[in-house]
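Hydrogens, waters and symmetry mates play no part in the numbers below; they use all other heavy atoms, side chains included. These numbers were taken from a predicted model, which means no experiment stands behind them. Order of appearance sets the numbers: ligands from 1, and atoms from 1 within every ligand.
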Amino acid sequence: MSESALYVVATPIGNLDDMTPRAIRTLESVALIAAEDTRHSGRLLSHFNIKTQMIAVHDHNERQQQQKIIAILEKGESVALISDAGTPLISDPGFVLVREVRAAGHRVVPVPGCCAMVAALSAAGIPSDRFAFEGFPPAKSQQRLNYYSALAGETRTLMFYESPHRIEDSLSAVVDAFGADRPIVLARELTKTFETYLSGTAAEVLLQVQSDPNQRKGEFVMMVQGAPAKDDSALDQQASDTLDILLEELSVKQASALAAKITGIKKKVLYQAALERK
Ligand code: SAM
């Protein structure tokens with residue numbers, strides 16, 4: 001390794017064969033490995049016979065440990081950052097460390113590899129051209145429902161991480177917020193023995209998870225297909241009904257202006273539709 005750097009190293013999300021040769025070489029050659037949980041990562045390192053010293057860097061001590069890490073970089077040596085699984089910083093600690101190491105003028109180099117979100121999307125058969133990764137939804141049920149409801153109009157594919165003890169309630173909230181017919185895909189235990197993809201409407205996937213306890217075990221990536229893009233030239237049923245009701249009491253101009261405020265559809269489109277109804 002020529003120049004000193006902080007290497008951000010992705011590790012497997014289940015199958016150890018997904019560890020890249022470059023990740024192994026990097027972890028072997030740095031002066032120190034900053035790990036989210038040293039006991040957990042100890043098993044990975046011993047599997048690959050990597051003897052490099054580790055320190056714990058997690059959400060609660062990131063700021064203190066960054067001084068130690070920057071001091072090592074200042075001596076011209078390198079450090080690697082790993083998390084328990086997958087890519088550090090993706091729903092994992094490391095953001096503050098990376099930002100501060102960069103701010104201190106040192107190189108930060110990604111060593112890419114597994115990421116559950118990317119793996120899930122790559123094989124889900126759900127639109128992948130535009131997507132939004134939301135990480136873990138809130139744990140409390142009312143907050144989660146509000147949070148999903150606020151996302152119901154999003155047209156990009158939405159991606160969430162979810163834990164086994166919340167998956168059933170979370171899917172129920174998806175049905176309530178996005179509608180029973182919204183297409184979703186649930187990826188479970190990626191790269192592991194019980195890897196499963198469940199797909200269908202939100203209500204269908206919820207039913208499968210409710211009726212089979214095995215489908216509630218393990219690690220999950222939940223993908224919700226985006227809402228259909230609003231076509232300004234044609235009114236959907238709700239906008240059409242809104243306009244009809246307003247036209248019973250108001251002029252074309254007033255009704256279309258008010259309907260635009262309620263539906264978010266352009267006033268010009270609603271005005272034209274209102275004229276056609278008169
Ligand atoms: N940094 C990781 C990454 O790059 O994907 C994610 C860390 S986050 C703390 C852990 C969550 O990722 C799990 O609760 C689950 O939602 C998802 N996850 C991790 N491994 C997975 C797997 N093998 N199959 C499905 N989801 C997984």
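In this structure the side chain of M222 reaches within 4.5 angstrom of the side chain of L171, judged on heavy atoms. Contact annotation: the side chain of V111 never approaches that of V8 to less than 4.5 Å [non-hydrogen atoms, C-beta and beyond]. Proximity of E100 to L97: side-chain heavy atoms (C-beta onward) are nowhere separated by under 4.5 Å.
Distances between N or O atoms of S163 and those of ligand 1 include no value under 3.5 Å. At under 3.5 Å, not a single nitrogen or oxygen of S91, backbone or side chain, sits near a nitrogen or oxygen of ligand 1. Of the N or O atoms in A85, one or more lie within a sub-3.5 Å distance of an N or O in ligand 1. The shortest N or O to N or O distance between I90 and ligand 1 is under 3.5 Å. Where the criterion is an N or O separation shorter than 3.5 Å, residue side chain and backbone included, S83 fails it with respect to ligand 1. For ligand 1, the polar-atom distance check against L190 finds a nitrogen or oxygen pair separated by under 3.5 Å. Considering both main-chain and side-chain atoms, F136 never comes within under 3.5 Å of ligand 1 through any nitrogen or oxygen pair.
Nearest residue to atom 1 (N) of ligand 1 from D92, V221, T191, I82 is D92 (criterion: closest heavy atom). When the heavy-atom distances from atom 18 (N) of ligand 1 to C115, A116, G135 are ranked, the shortest goes to A116. Counting only non-hydrogen atoms, the option in F220, F194, Y161 that gets closest to atom 12 (O) of ligand 1 is Y161. Nearest-heavy-atom check against atom 20 (N) of ligand 1 across E219, E36, M222 picks out E219.
Residue, atom and distance of the protein heavy atom nearest to atom 4 (O) of ligand 1 are T87 N, 2.8 Å.
Aromatic ring centres of Y161 and F220: separated by at least 6.0 Å.
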*side chain to side chain donor-acceptor pair (under 3.5 Å) between R277 and S240: does it pass, once the steps are laid out?*
CA-CA 10 Å; R277 281 165 161 76; S240 174; 2.6 Å; yes
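Contact atoms of ligand 1 toward K192: 23 (N) (distance under 4.0 Å to a heavy atom of the residue). Against a heavy-atom cut-off of under 4.0 Å, G86 is close to the following atoms of ligand 1: 3 (C), 4 (O).
In this structure, R188 does not pair ionically with E219, as no charged nitrogen and carboxylate oxygen lie closer than 4.0 Å.
In this model, a donor atom of one side chain and an acceptor atom of the other lie less than 3.5 Å apart for E134 and Y147. In this structure, a donor-acceptor pair under 3.5 Å is absent between the side chains of H58 and Q65. Checking D92 against S83 by side-chain atom types alone, a donor-acceptor pair falls below 3.5 Å.
Remark: of the listed residues Q143, R144, Q142, Q142 is the sole one forming a side-chain hydrogen bond (donor to acceptor under 3.5 Å, both in side chains) with N146.
With a 4.0 Å heavy-atom cut-off, ligand 1 is reached by the backbone of E189 but not by any atom from C-beta on.
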